[in-house]
Amino acid sequence: MVPYALFAGASGLIWGGANFAPRAAVEIARQAQAGNWSAVQEIWQFIAPAMSLIWQGDYVQNVYAAAEILGYGAGQPRKPLARLPQHKLAVLQTALEPLQAYEKR
């Protein structure tokens with residue numbers, strides 16, 4: 001939804017992905033403000049696999065786990081939510097691989 005909101009004219013965003021992809025989130029917003037839509041789409045490709053997975057369920061747990069995996073630890077989800085189950089962490093790690101390289105630039 002991020003690139004589409006920006007295409008539609010949103011001037012800002014509040015989204016969980018910024019917690020684990022801060023560099024990419026800032027750059028997407030910067031490129032959108034400049035009207036560089038091809039760059040927005042290019043950067044989104046790094047985030048899209050993780051966001052697609054997160055939207056399938058356990059949104060908050062996935063955001064916390066992704067932030068931890070990428071080195072932006074945010075602690076633990078508050079009760080009544082628990083940590084992301086171990087079997088889902090491996091799937092999340094795979095989805096984060098393209099973004100990991102981008103965030104380390």
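Under the rule for a side chain to side chain donor-acceptor pair (under 3.5 Å), the partners of Gln76 that lie at least two apart in sequence or sit in another chain are Arg83. The side chain to side chain donor-acceptor pair (under 3.5 Å) check on Tyr59 picks up nothing, with sequence neighbours excluded.
Separation of atoms CG (Leu70) and CG (Leu99) is listed at 5.5 Å; rounding is to 0.5 Å. A distance of 10.5 Å separates CD in Glu42 from CD1 in Ile28, rounded to the nearest 0.5 Å.
The cluster map of Ile, Leu, Val, Met, Phe, Trp and Tyr, joined by side-chain heavy atoms under 4.5 Å apart, puts Val2 and Trp55 in the same cluster. Transitive grouping of hydrophobic side chains (ILVMFWY, heavy atoms separated by less than 4.5 Å) keeps Val26 and Met51 in distinct clusters. Hydrophobic clustering (side-chain heavy atoms under 4.5 Å, transitive across Ile, Leu, Val, Met, Phe, Trp, Tyr) groups Val91 together with Ile47. Note on Trp44: it clusters hydrophobically with Trp37, by side-chain heavy-atom contacts below 4.5 Å among ILVMFWY residues. Both Val40 and Trp15 sit in one connected hydrophobic cluster of ILVMFWY residues. Membership requires side-chain heavy atoms under 4.5 Å apart, directly or through other members.
Nearest heavy-atom pair, Ala95 versus Pro49, reported as atom, atom and distance to 0.1 Å: O-CB, 3.5 Å. Across every non-hydrogen atom of Ala50 and Phe20, the tightest pair is CB-CE1, 4.1 Å. Between Ala67 and Asn19, the shortest heavy-atom contact is CB-O, 3.8 Å. The heavy-atom pair separating Gly73 from Glu68 by the smallest distance is CA-OE1, 3.5 Å. For Ile43 against Glu27, the heavy-atom pair with the smallest separation is CD1-CG, 3.3 Å. Here the closest non-hydrogen pair linking Ala65 and Leu89 is CB-CD2, 3.7 Å.
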- prompt: Passes side chain to side chain contact (heavy atoms under 4.5 Å, CB included), Leu96 versus Gln93? Steps please.
  reply: CA-CA 5 Å; Leu96 289 169; Gln93 285 177 317; 5.5 Å; no
task: Show the numbers, then the answer: is there a side chain to side chain contact (heavy atoms under 4.5 Å, CB included) between Ile69 and Gln100?
output: CA-CA 9 Å; Ile69 290 167; Gln100 235 168 358; 4.1 Å; yes
message: One pair to check against side-chain hydrogen bond (donor to acceptor under 3.5 Å, both in side chains): Arg78 and Tyr64. What are the steps and the verdict?
response: CA-CA 10 Å; Arg78 287 195 249 169; Tyr64 275 89; 5.5 Å; no
message: Is there a side chain to side chain contact (heavy atoms under 4.5 Å, CB included) between Leu81 and Asp58? Walk through the geometry before answering.
response: CA-CA 9 Å; Leu81 300 176; Asp58 299 321; over 6 Å; no
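Inter-residue side-chain proximity for Tyr102 and Pro98 is flagged as unmet; no heavy-atom pair is nearer than 4.5 Å. Residues Ser38 and Gln31 fail the side-chain proximity criterion, which asks for heavy atoms closer than 4.5 Å.
Side chain of Asn62 to backbone of Gly57: a donor-acceptor contact under 3.5 angstrom is found.
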